[in-house]
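Naming: A, B, ... by sequence-line order, numbering from 1 per chain. Note that the structure is a prediction, hence the values are computed from the model and not measured.
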Amino acid sequence: MSICLLISKNGRHKPINLPHLQTVVLGRSPETTIKDKKCSREQVELKADCNKGYISVKQLGVNPTSVDSEVVGKGNQVEMRSGQQLHMVNELYPYTVCFKEDPSNSQSSVGTKRPCGPASEEREFHREPPGHKVPRKTEDSTQCKHGGSTSTNTRPESQTTEKTETLGYWSQGLKASMQDPKMQVYKDDRVVVIMDKYPKAHYHWLVLPWESIPSLKTLHRGHCDLLRHMNQVADRIVQQQCPDAGLLHFRQGYHAIPSMSHVHLHVISQDFDSPWLKNKKHWNSFTTDYFIESQEVIQMLEKDGKVTVKQGTNELLKLPLCCHVCGMALSTIPQLKEHLKSHPYGRL
DNA sequence: GTTCTAGAAC
DNA sequence: GTTCTAGAAC
């Protein structure tokens with residue numbers, strides 16, 4: 001049998017044991033060292049299933065508890081797995097969850113089932129490399145050696161590592177691509193530009209910082225300059241690489257909840273003429289508010305010091321298909337593609 | 001992120 | 001019958 005530990009990411013206190021299938025209520029208390037009045041004394045109800053490798057998280061308090069960036073909502077319950085991040089309240093007091101073999105019970109493995117959830121969970125569980133189960137700062141440098149001359153890991157890499165375990169190894173693909181000279185279109189001391197491997201339009205580049213920034217939520221005010229630089233580089237790439245840059249409309253922005261780890265700025269022409277654009281998720285990720293303009297991200301950082309993704313953003317991916325230029329509704333992807341031929345430059 | 005495929009929609 | 005989508009698996 002495994003045991004489950006809830007680990008304070010900023011080391012506020014020692015890990016809290018969550019016994020198998022036992023309800024544990026946490027909140028403002030000496031146990032968590034949280035004194036913030038916004039945090040209820042009974043903020044969350046947690047129940048670990050050590051066999052299946054997840055914990056149920058129920059928000060009891062009024063103020064938002066979140067798992068990754070998604071707010072749970074009072075009375076609601078979500079599952080949280082190894083690698084995901086729980087914020088006790090108001091995006092504060094981060095925790096991760098860790099399942100590991102009970103050291104006091106090692107002999108019981110004979111005749112005792114391993115974690116036995118669905119196949120994918122089993123794989124994810126076993127993929128977790130030893131030593132990464134409890135994120136530690138000393139392990140930062142073992143991750144992802146960047147090719148740039150200024151590879152400055154200013155944040156613990158644990159978030160990146162955990163994301164791998166949640167989403168699979170494929171989610172780390174950009175880290176390899178950005179290092180691959182064959183993919184690189186441009187690089188300087190701060191950023192690299194690569195072609196999107198599966199472009200969703202005639203022109204589709206990704207601008208990535210050498211600095212390891214796992215996601216939008218890792219960004220802080222100090223990144224504003226870097227993001228402005230990414231924008232300038234993107235502008236330059238468009239001018240250099242696109243002969244009809246004057247006619248063709250481009251947008252630069254970030255996916256609110258990207259699948260791939262490592263912050264990347266999409267630079268994409270608005271023709272959306274591509275065999276790789278295949279489904280509703282592809283379309284809506286570039287044509288709804290799921291796509292956050294780069295300028296908007298920078299403004300958020302300047303104003304609030306962080307990037308906030310609105311609740312329900314994931315639902316935008318399920319919206320009906322709608323032309324990004326004229327707003328016409330189309331019922332299928334093939335019909336949409338046919339319609340797009342009437343807007344070859346992505347503008348009216 | 002993509003691929004694969006069952007089954008819904010036509 | 002074919003086309004298309006959506007969800008699981010990776």
Q: Dump the intermediate steps for ring-ring contact (aromatic ring centres under 6.0 Å, His included) on A/H282 and A/Y198, then the final yes or no.
A: CA-CA 11 Å; A/H282 291 155; A/Y198 302 93; 9.1 Å; no

Q: Could you tell me whether the side chain of A/K306 and the main chain of A/H220 form a donor-acceptor pair under 3.5 Å?
A: no

Q: Please work out if A/L174 contacts a base, only the sugar-phosphate, or nothing of the nucleic acid, heavy-atom cut-off 4.0 Å.
A: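 The answer is nothing, as A/L174 stays clear of every strand by at least 4.0 Å.
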
Q: Look only at the side chain of A/Q43 and the backbone of A/S40, and say whether a donor-acceptor pair between them is shorter than 3.5 Å.
A: yes

Q: Parallel under 30°, tilted from 30 to 60°, perpendicular over 60°: which one fits the rings of A/H324 and A/W283?
A: perpendicular

Q: For the pair A/D180 (side chain) and A/K182 (backbone), establish whether a donor and an acceptor sit closer than 3.5 Å, ignoring hydrogens and angles.
A: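 Present.
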
Q: Let me have a per-nucleotide readout for nucleotides 1-10 of chain B, 5' to 3', with B, S or -, counting only protein heavy atoms under 4.0 Å.
A: BSS-------

